[in-house]
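Input: a single structure, listed below in structure tokens.
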Amino acid sequence: MHRTKTKKSRQSMFSLFCRDNRNKECSRYSEMAERPEDLNLPNAVITRIIKEALPDGVNISKEARSAISRAASVFVLYATSCANNFAVKGKRKTLNAGDVLSAMEEMEFQRFIAPLKESLEVYRREQKGKKEARKDKDKKADSEEQDKSREEENDEDDERMEEEEQNDDEEVDN
């Protein structure tokens with residue numbers, strides 16, 4: 001009996017975010033999770049976000065935190081489903097930032113588009129900086145390796161020259 005209740009609640013949650021999905025991708029989501037709770041975001045993440053959003057001294061009940069967690073999970077699933085529709089229309093299997101922005105517009109969350117674009121630009125700049133730093137680090141490592149290799153070659157050349165000089169001295173003595 002408990003099993004069917006869980007299955008019904010899962011189905012209603014999926015129907016909520018999948019009703020506009022024409023390509024039956026939502027059935028994949030229902031197969032990935034054994035229980036509706038598996039689709040919830042981690043409590044620690046939700047708690048941190050809630051604490052950051054509320055003024056100091058304001059508490060939140062466990063029930064309210066749970067409701068916010070479920071609502072956030074449904075929102076993420078719905079946004080993902082909408083973004084996936086844009087990827088499918090574009091004959092792609094990978095969702096990209098443009099798909100998410102289009103999904104926000106389709107879901108009538110236009111006021112989030114500008115902040116999302118700003119965050120995306122910040123993210124891209126950070127990634128570009130990290131990539132350049134790795135490139136510089138690799139160049140530096142390559143340069144150091146080349147210097148070390150040259151040093152070793154010079155040492156070998158010096159040893160060879162010393163041996164030749166010794167051989168020449170021995171020949172002169174003979």
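If you're wondering where the values come from, they're calculated on a predicted model, not measured in any experiment.
- Applying the 6.0 Å contact sphere to CD of Glu108 captures no more than 12 heavy atoms from other residues, nucleotides or ligands.
- For Glu63, the CD atom is loosely surrounded, since the number of other residues' heavy atoms within 6.0 Å does not exceed 12.
- Side-chain heavy atoms closer than 4.5 Å link hydrophobic residues (I, L, V, M, F, W, Y) into clusters, and following such links, possibly through other members, connects Ile50 to Val58.
- Residues Val76 and Ile49 are members of separate hydrophobic clusters, defined by side-chain heavy-atom contacts under 4.5 angstrom among Ile, Leu, Val, Met, Phe, Trp and Tyr.
- Using a 4.5 Å heavy-atom cutoff, the side chains of Ile60 and Ile68 are in contact.
- A heavy-atom distance below 4.5 Å is not found between the side chains of Glu121 and Glu118.
- To the nearest 0.5 angstrom, Asp136 atom CG is 12.5 Å from Lys131 atom NZ.
- With rounding to the nearest 0.5 angstrom, the CD1 atom of Ile113 is 6.5 Å from the NZ atom of Lys117.
- Among all heavy-atom pairs drawn from Glu105 and Gln110, the shortest one is O-NE2, 3.4 Å.
- Taking the six-membered ring wherever Trp is involved, the centroid distance between the rings of Phe112 and Phe109 falls below 6.0 Å.
- Between Asn84 and Asp99 the shortest side-chain heavy-atom distance does not fall below 4.5 Å.
- For Phe86 against Glu106, the heavy-atom pair with the smallest separation is CZ-OE1, 3.3 Å.
- One side chain, Arg70 or Ser66, offers a donor N or O that lies under 3.5 Å from an acceptor on the other.
- Pairing each heavy atom of Ser69 with each of Asn43, the nearest pair is OG-OD1, 4.3 Å.
- Closest heavy-atom contact between Ala79 and Ala103: O-CB, 3.9 Å.
- From Thr47, atom OG1 reaches atom NZ of Lys62 across 10.5 Å, with rounding to the nearest 0.5 Å.
- Smallest separation of non-hydrogen atoms from Met107 and Tyr78: CG-CE2, 3.4 Å.
- Within a 6.0 Å sphere centred on OH of Tyr123, heavy atoms belonging to other residues, nucleotides or ligands number 12 at most.
- Using a 4.5 Å cut-off on side-chain heavy atoms (C-beta onward), Pro42 and Val45 make contact.
- Here the OG atom belonging to Ser73 is positioned 6.5 Å from the CD1 atom belonging to Ile46, to the nearest 0.5 angstrom.
- Side-chain N or O atoms of Ser81 include none that pairs as donor or acceptor with a backbone N or O of Leu77 at under 3.5 Å.
- Under 4.0 Å is where a charged nitrogen must lie from a carboxylate oxygen, and between Lys135 and Glu132 no such pair does.
- The closest side-chain heavy-atom distance from Arg125 to Lys128 is not below 4.5 Å.
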